[in-house]
2 protein chains.
Amino acid sequence: MSIRIGIYGYGNLGRGVVSAIKQNPDMSLSAIFTRRDPSSLKINDPAIRVLRAEEAETMVDEIDVMILCGGSATDLPVQTPALSRLFNCVDSFDNHSRIPEHFAAVDEAASQTGHVTLISCGWDPGMFSLNRLYASAILPEGNDYTFWGKGISQGHSDAIRRIEGVVDARQYTIPIEDAINSVRNGENPVLTAGQKHTRECYVVVEDGADKARIENEIKTMPAYFADYNTTVHFISAEELKANHSAIYHGGVVIRSGKTGNGNNHVIEYSLKLDSNPEFTSSVLVSCARAAYRLKNDGAKGCKTMLDIPPAYLSAAPAEELRKKLL
Amino acid sequence: MSIRIGIYGYGNLGRGVVSAIKQNPDMSLSAIFTRRDPSSLKINDPAIRVLRAEEAETMVDEIDVMILCGGSATDLPVQTPALSRLFNCVDSFDNHSRIPEHFAAVDEAASQTGHVTLISCGWDPGMFSLNRLYASAILPEGNDYTFWGKGISQGHSDAIRRIEGVVDARQYTIPIEDAINSVRNGENPVLTAGQKHTRECYVVVEDGADKARIENEIKTMPAYFADYNTTVHFISAEELKANHSAIYHGGVVIRSGKTGNGNNHVIEYSLKLDSNPEFTSSVLVSCARAAYRLKNDGAKGCKTMLDIPPAYLSAAPAEELRKKLL
């Protein structure tokens, strides 16, 4: 009996979930739900059922876990609580500062209806969070450092796009290697935001736009760019598409801490990802397995990866994990 | 109310546990148990109670979790099952091939008496195992690589000491940087044991010993050295003590795997430890907290780090973890 998965939302993440399910023989895809016209989705597999989003509630008996693949800005704050009343769910809500309120809303919905929903699954939040947790639990006296990139930041790209005269933009977050090395060497540096990352922007503007003004608006934008060494390149729409459509990303979490009589320890977790959405999708699928098992244990309510017994993420039986991985 | 810890066995690990408890305000040390004469232990804190090992059973009401700090060869296979009948326990049993039988013996004892015992806590087994698990659950199609070092291997040092004419020895396991880099680059190399590590031996011999024979016996020793590029240095006892008493260690776990249409991902976890035993002790102490919480949840029997909800390792409340680390 496989774990029957539903996919709610079909963008990059949803496509990644379709392909991740194929790598997990204990899972099967029941249906994809979309707000678009189902016939408009390009899926090269006639066996996959595509339904309208509103039809989800007719499928409660055919789906063990719904994986929500919408965006964190407007989709998930509404969809995850709503769907948690019908299904066990998994989402990748990544608006860090709003996680507590998202948790509360989902917990209420899932608890009332006896479902388990895992929120904020992915790599940050997700695997990076887990590594911050493990490292700080082991080394209570120490400092945490997270570096992201090189990779595209959606939020910073969007911020540039909102500037008048800008047609499109991509913003790369680039970690500063010297800063990483100082942390790796156990130097416990105090680093400002701008001492950890630089920001590189590729911007397409309207014909005749005032590039000097746009460059200045970018570089002085508070929070997003003002505190960073920011580089702006004006390029054509064709060049943007050809050279800056990559969805690779990555980063590193480091904790440097002391024990005993001044002994230093450095714990480092790093990711180098060819496809940011496909990796996130792969995390979501392993979390769907955990949600299914937690539900079978009698759990209910909202959980995060910080609550999941690690073995629940794996398809392998506990004895095999102990024998081969422990 | 703090979590009351007992320490059973007082070598490097036990000393590390004493100092780790001081970094965790939610814990307190109830007593140290030793097979030696309690008055012979050098502990610079008169408030710490030191008792004979046989007195442990008189302390069942004053200890929430007993941390076992004996060796894996002969101590823990006997002590962990025996003490699991009296206490919730944590050990660092690290004989990988015998984990299943150790698990079975401990599980029987702890289940019968309603205790929770966590075995094989540390970094390998332990944090490295967890990282192998997480990475393989996320990327089912991929390869795992573990590199150890640079650091001293107790087992290999012992093997050299058993050779006739050898007085003392230290063996460093050294990872081969080119092999690590090939893995990091996603090349998924097939590596023999000898292509992953070299072995460097510092050996003190008896006066007039046949160094050529000893060097040959080391280099041709099956399993331990024959398959590796092995270097042997003959040094004096003074030099061994002065230059080769370091207890630093470390290593790296890497998984390289593919998703979708050939996208590669590299997950890497690495440790650089000034003190191998102190780091292991710090893991043991965080696992003691988890054992205490699992017991309070009504769990019983033998568990490993693969079973622990990560948040249980941390002193911080769940809301704070979600807010600050997720």
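Letters A, B, ... are given to chains in the order of the sequence lines, protein chains preceding strands, and every chain is numbered from 1.
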For the pair B/Asn185 and A/Lys272, evaluate side-chain contact (heavy atoms from CB on, under 4.5 Å) and give the outcome as yes or no after the intermediate values.
CA-CA 9 Å; B/Asn185 293 336; A/Lys272 206 167 63 181; 4.2 Å; yes
Once you round to the nearest 0.5 Å, how far does OG1 of B/Thr304 lie from CG of A/Leu321?
8.5 Å
Counting heavy-atom pairs under 4.5 angstrom with chain A, the leader among B/Ser275, B/Ser19, B/Ser314 is B/Ser275
Toward chain B, the part of A/Met127 with a non-hydrogen atom under 4.5 Å
side chain
Contact between B/Phe128 and A/Leu325 at the side-chain level, heavy atoms closer than 4.5 Å - yes or no?
no
Side chain, backbone, both or neither: which part of A/Asn261 has an atom under 4.5 Å from a heavy atom of chain B?
backbone
Are any side-chain N or O atoms of A/Lys323 and backbone N or O atoms of B/Pro100, one a donor and one an acceptor, separated by less than 3.5 Å?
no
Answer key: most heavy-atom pairs under 4.5 Å with chain A among B/Pro310, B/Ser129, B/Pro125 is B/Pro310
Greatest number of non-hydrogen atom pairs under 4.5 angstrom with chain A, of B/His96, B/Arg132, B/Gln23, falls to B/Gln23
So, the part of B/Leu133 with a heavy atom under 4.5 Å from chain A: the answer is both
Spacing of B/Ile99 atom CD1 and A/Lys324 atom NZ [to the nearest 0.5 Å]
14.5 Å
Approximate separation, where rounding is to 0.5 Å, of B/Ile267 CD1 and A/Trp123 CH2:
12.0 Å
Where is the tightest heavy-atom contact between B/Leu326 and A/Ser120, given as atom of each residue plus distance?
CD2-CB, 3.9 Å
Please determine, among B/Ser286, B/Ser281, B/Ala318, B/Ser282, the option with the most heavy-atom pairs under 4.5 Å with chain A.
B/Ser282
Can you tell me which of A/Lys22, A/Arg15, A/Lys303, A/Arg184 forms the most heavy-atom pairs within a distance under 4.5 Å of chain B?
A/Arg184
Tightest non-hydrogen contact, residues B/Ile308 and A/Tyr134, listed as O-OH, 4.5 Å
Any idea which heavy atoms bring B/Asp274 and A/Asn264 closest together, and the distance?
OD2-N, 2.7 Å
Can you tell which part of A/Leu313 gets under 4.5 Å to a heavy atom of chain B, answering side chain, backbone, both or neither?
both
Starting from the C-alpha separation in whole Å, work towards a yes-or-no answer on side-chain contact (heavy atoms from CB on, under 4.5 Å) for B/Phe279 and A/Ile138.
CA-CA 8 Å; B/Phe279 187 82; A/Ile138 296 169; 3.8 Å; yes
Step-by-step side-chain contact (heavy atoms from CB on, under 4.5 Å) determination, B/Tyr248 to A/Asn263:
CA-CA 9 Å; B/Tyr248 63 81; A/Asn263 284 313; over 6 Å; no
Of all of A/Val253, A/Leu271, A/Leu139, A/Val266, which one pairs up most often with chain B through heavy atoms under 4.5 Å apart?
A/Val266
When rounded to the nearest 0.5 angstrom, what distance separates CZ in B/Phe103 from CZ in A/Arg322?
3.5 Å
Are B/Asp307 and A/Tyr312 side-chain neighbours, meaning at least one heavy-atom pair lies under 4.5 Å?
no
Give, as side chain, backbone, both or neither, the part of A/Ile254 having an atom under 4.5 angstrom from any heavy atom of chain B.
neither
Heavy-atom pair count under 4.5 Å with chain A, highest-scoring of B/Ser256, B/Gly257, B/Pro140, B/Gly262
B/Pro140
Just give me the residue among A/Cys287, A/Pro309, A/Ser270 that pairs up with chain B most often, heavy atom to heavy atom, under 4.5 Å.
A/Ser270
Name the option with the most non-hydrogen atom pairs under 4.5 Å to chain B; the candidates are A/Gly16, A/Ala137, A/Ala135, A/Gly126.
A/Ala137
Can you establish whether the number of heavy atoms outside A/Asp45 located under 6.0 Å from its atom CG is more than 12?
yes
Take atom NZ of B/Lys300 as the centre, draw a 6.0 Å sphere, and report whether it contains more than 12 heavy atoms from other residues, nucleotides or ligands.
no
With a 4.5 angstrom heavy-atom cut-off, which part of B/Ser136 approaches chain A: side chain, backbone, both or neither?
side chain
